[in-house]
Amino acid sequence: MTESRFPNLIGGAWREAEQWSENRNPSDPSDLVGRFACADLADLGDAISAARQAQYAWAAASPQTRFDVLDKAGDLILARKAQLGDLLAREEGKSLPEAIGEAARAGMIFKFFAGEALRLGGEILPSVRDGIKVEITREPVGLVGAITPWNFPIAIPAWKTAPALAYGNAVVLKPAEVAPGCAWKLAEILVEAGLLAGVFSLVMGPGRVLGAALCQQVDAVSFTGSTGVGHQVLAAATGAGVKVQLEMGGKNPMIVLDDADIDLAVNCALQSAFFSTGQRCTASSRLIVTDGVADRFVERLAAACDALVVGDPRAPGTQIGPVASEAQYASVRGYIDGAVAQGARMVAGAAGSIPNQGLFIRPTLFDRTSPEMTINREEVFGPVASVLRVADYDAALAAANATEFGLTAGICTTSLARAEHFKRHAQAGMVMVNLPTAGVDYHVPFGGRKASSYGAREQGSYAREFFTTVKTAYQSA
Ligand code: NAD
């Protein structure tokens with residue numbers, strides 16, 4: 001196998017395929033990242049059978065064995081974070097520092113869940129009847145299907161695979177077609193870390209075929225991706241009686257009040273709206289600003305946007321890379337043109353240089369937008385944000401909550417009372433005060449409400465809700 005050909009990992013063996021897909025660098029279409037094997041339904045069936053067999057032995061392995069494998073995988077990821085980050089920047093387009101940071105996060109997630117393998121406790125309660133002991137324990141759900149998007153191509157596979165393995169499950173991972181290289185490297189690392197053959201398989205290829213089949217043939221499916229596909233996964237999984245967890249889109253608000261520290265507010269908006277090319281489910285795409293500060297805020301943020309360095313994410317000094325695919329490019333351009341047609345005022349984005357090759361879009365800021373504009377209702381998933389001007393905090397909170405999504409919500413204010421009120425009343429799974437809406441810790445729960453999420457939370461020790469099932473045992477004393 002040469003490095004530019006990436007076969008699937010099925011039941012512990014690397015397997016070639018009849019169909020291969022060519023993935024190219026979104027900064028430079030002449031750069032072939034690799035040829036990736038497209039699994040077919042027979043490959044998927046083999047991965048599922050192997051996983052079902054291997055899962056018993058893995059669940060029976062001691063917590064120390066599971067700790068050792070996960071901890072070693074974490075060490076290997078951390079030791080290779082520079083190479084992994086380089087691949088990530090090349091296949092997905094994040095700037096190199098962001099990409100290396102994402103790889104490091106994946107490593108830390110494995111190390112955290114190594115520890116969780118040791119910490120899975122239970123409860124003993126007295127029975128309501130004499131002479132009986134009641135034990136409540138957690139067991140693996142069995143075989144987990146993980147379906148992941150392209151925008152965090154190593155962190156999201158890590159945050160589904162690591163807890164699944166820690167709690168004794170087998171995993172079949174189906175990464176996104178746009179950026180499967182990092183998931184492939186993760187598979188290679190799991191083999192090197194000594195994971196029992198068959199416990200983890202990697203099936204690359206089209207989601208509408210493989211993903212759709214996977215979510216009906218496992219015991220639990222953990223999906224991250226768009227809201228539309230998430231609903232298809234929900235219907236397929238629940239129809240087949242499969243436990244399901246969905247993390248989907250966002251249209252995250254960031255409120256800036258008159259009393260905000262303006263430097264901090266501009267920096268929070270810049271970071272969370274435009275970095276990672278805005279391709280984050282937690283991006284602040286709606287900036288809700290009270291009238292007293294709006295002119296100053298817009299002027300400062302527009303200037304900061306125009307100063308951002310857009311270019312090859314692996315070049316020193318680049319802050320914003322390309323969007324990840326041609327489809328994404330066309331979609332984001334369509335939202336920009338639509339916002340202009342609907343009367344939004346573009347205050348940053350047109351000016352400034354971009355390389356003439358590659359899928360680059362300058363960070364784009366719209367002012368004087370209204371809640372009914374498409375730009376304020378649909379997830380753009382690109383370097384685009386809009387300003388909604390409002391009279392006061394009450395109007396800002398109402399506007400923040402007036403969305404079908406509920407992933408993150410932020411506020412910039414120096415008022416403790418407002419901050420406390422917002423934490424309690426924002427209809428979102430994650431709330432940020434004087435911080436960007438994007439950028440979260442790896443050891444605490446991650447997830448949203450409304451159309452953004454469905455099912456149990458991911459990450460931190462809360463992940464056990466999804467990846468384990470509860471058993472209640474009664475014993476006569
Ligand atoms: P997507 O929904 O197009 O694809 C996600 C995954 O689903 C891919 O692996 C794809 O191959 C697979 N898939 C496609 N059709 C399928 C089907 N019918 N059945 C099963 N699987 C199928 O999403 P994307 O474009 O890869 O990622 C971007 C989206 O992901 C954005 O909406 C973003 O907000 C969301 N996202 C959410 C979170 C979160 O935690 N809430 C995190 C990152 C990204």
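Quick caveat: nothing in here was measured; it's all calculated off a predicted structure. Atoms within a ligand are numbered from 1 in the order they appear, just like the ligands themselves. Numbering starts at 1 and runs along the sequence shown.
- Here the protein heavy atom with the shortest distance to atom 42 (C) of ligand 1 is Cys281 SG, 2.9 Å.
- For ligand 1 and Ile156, the ligand atoms under 4.0 Å from any heavy atom of the residue are 42 (C), 43 (C).
- For the residues Ala146, Pro175, Pro149, Gly225, the heavy atom positioned nearest atom 29 (C) of ligand 1 is part of Gly225.
- Considering only non-hydrogen protein atoms, atom 23 (O) of ligand 1 sits nearest to Ser226 N, 3.4 Å.
- In the vicinity of Leu407, heavy-atom distances shorter than 4.0 Å reach the ligand 1 atoms 41 (N).
- At most 12 non-hydrogen atoms from other residues, nucleotides or ligands lie less than 6.0 angstrom from CD of Glu18.
- Partners of His443 by ring-ring contact (aromatic ring centres under 6.0 Å, His included), not counting sequence neighbours: none found.
- Closest to atom 40 (O) of ligand 1 among all protein heavy atoms lies Phe446 CE2, 3.0 Å.
- Counted by atom type alone, Gln328 and Ser331 present zero donor-acceptor pairs between their side chains at under 3.5 Å.
- Under the 6.0 Å distance and 45° angle rule, Lys111 does not count as a cation-pi partner of Tyr442.
- Taking the six-membered ring where the residue is Trp, the centroids of Phe446 and Trp159 are separated by under 6.0 Å.
- Every atom of ligand 1 with a heavy atom of Glu177 under 4.0 Å away is listed here by number and element: 10 (C), 11 (O).
- Between the side chains of Thr224 and Lys160, at least one donor N or O sits under 3.5 Å from an acceptor N or O.
- The nearest pair of heavy atoms linking Cys182 to Leu87 is N-CD2, 3.9 Å.
- Residue-level proximity to ligand 1 for Gln232 is carried by the side chain, the only part with a heavy atom below 4.0 angstrom.
- Residue Phe381 places a heavy atom less than 4.0 Å from ligand 1.
- Of all the heavy atoms of Glu379, the ones lying under 4.0 Å from any atom of ligand 1 belong exclusively to the side chain.
- Because its NZ or CZ atom is both nearer than 6.0 Å to the ring centre of Phe112 and within 45° of the ring axis, Arg119 counts as a cation-pi partner of that residue.
- When only non-hydrogen protein atoms are considered, atom 9 (O) of ligand 1 lies nearest to Thr148 O, 2.8 Å.
- Both the backbone and the side chain of Thr224 come within 4.0 Å of ligand 1, judged by heavy-atom distances.
- Of the protein's heavy atoms, Gly207 O, 3.5 Å lies nearest to atom 17 (C) of ligand 1.
- When non-hydrogen atoms are compared, ligand 1 lies under 4.0 Å from neither the backbone nor the side chain of Leu214.
- The proximity of Phe223 to ligand 1, defined as any non-hydrogen pair under 4.0 Å, is limited to the side chain.
- Scanning the protein for heavy atoms near atom 43 (C) of ligand 1, the closest one is Asn151 OD1, 3.2 Å.
- Side-chain N/O atoms of Asn401 and Thr403 include no donor and acceptor closer than 3.5 Å.
- For the residue pair Asn376/Ser386, the side-chain donor-acceptor check at 3.5 Å is satisfied.
- Note on ligand 1: Val178 sits outside its first shell, no heavy atom being nearer than 4.0 Å.
- Of the protein's heavy atoms, Trp150 CD1, 3.1 Å lies nearest to atom 26 (O) of ligand 1.
- In summary, the side chains of Ser452 and Glu247 do not present any donor paired with an acceptor at a separation below 3.5 Å, with no hydrogens or angles considered.
- The distance from ligand 1 to the heavy atoms of Gly211 drops below 4.0 Å at these ligand atoms: 19 (N), 20 (C), 21 (N).
- Listed by number with element, the atoms of ligand 1 under 4.0 Å from a non-hydrogen atom of Val233 are 19 (N), 20 (C).
- Counted by atom type alone, Tyr167 and Glu116 present one or more donor-acceptor pairs between their side chains at under 3.5 Å.
- At the shortest separation from atom 12 (C) of ligand 1 among protein heavy atoms lies Ile147 CG2, 3.6 Å.
- The presence of a protein heavy atom under 4.0 Å from atom 36 (N) of ligand 1 is confirmed.
- Counting only N and O atoms by type, the side chains of Ser284 and Asn252 include no donor and acceptor under 3.5 Å apart.
- Contacts between Arg280 and ligand 1 below 4.0 angstrom, taking non-hydrogen atoms only, are absent altogether.
- For Phe297, the ring-ring contact (aromatic ring centres under 6.0 Å, His included) criterion is met by no residue, not counting sequence neighbours.
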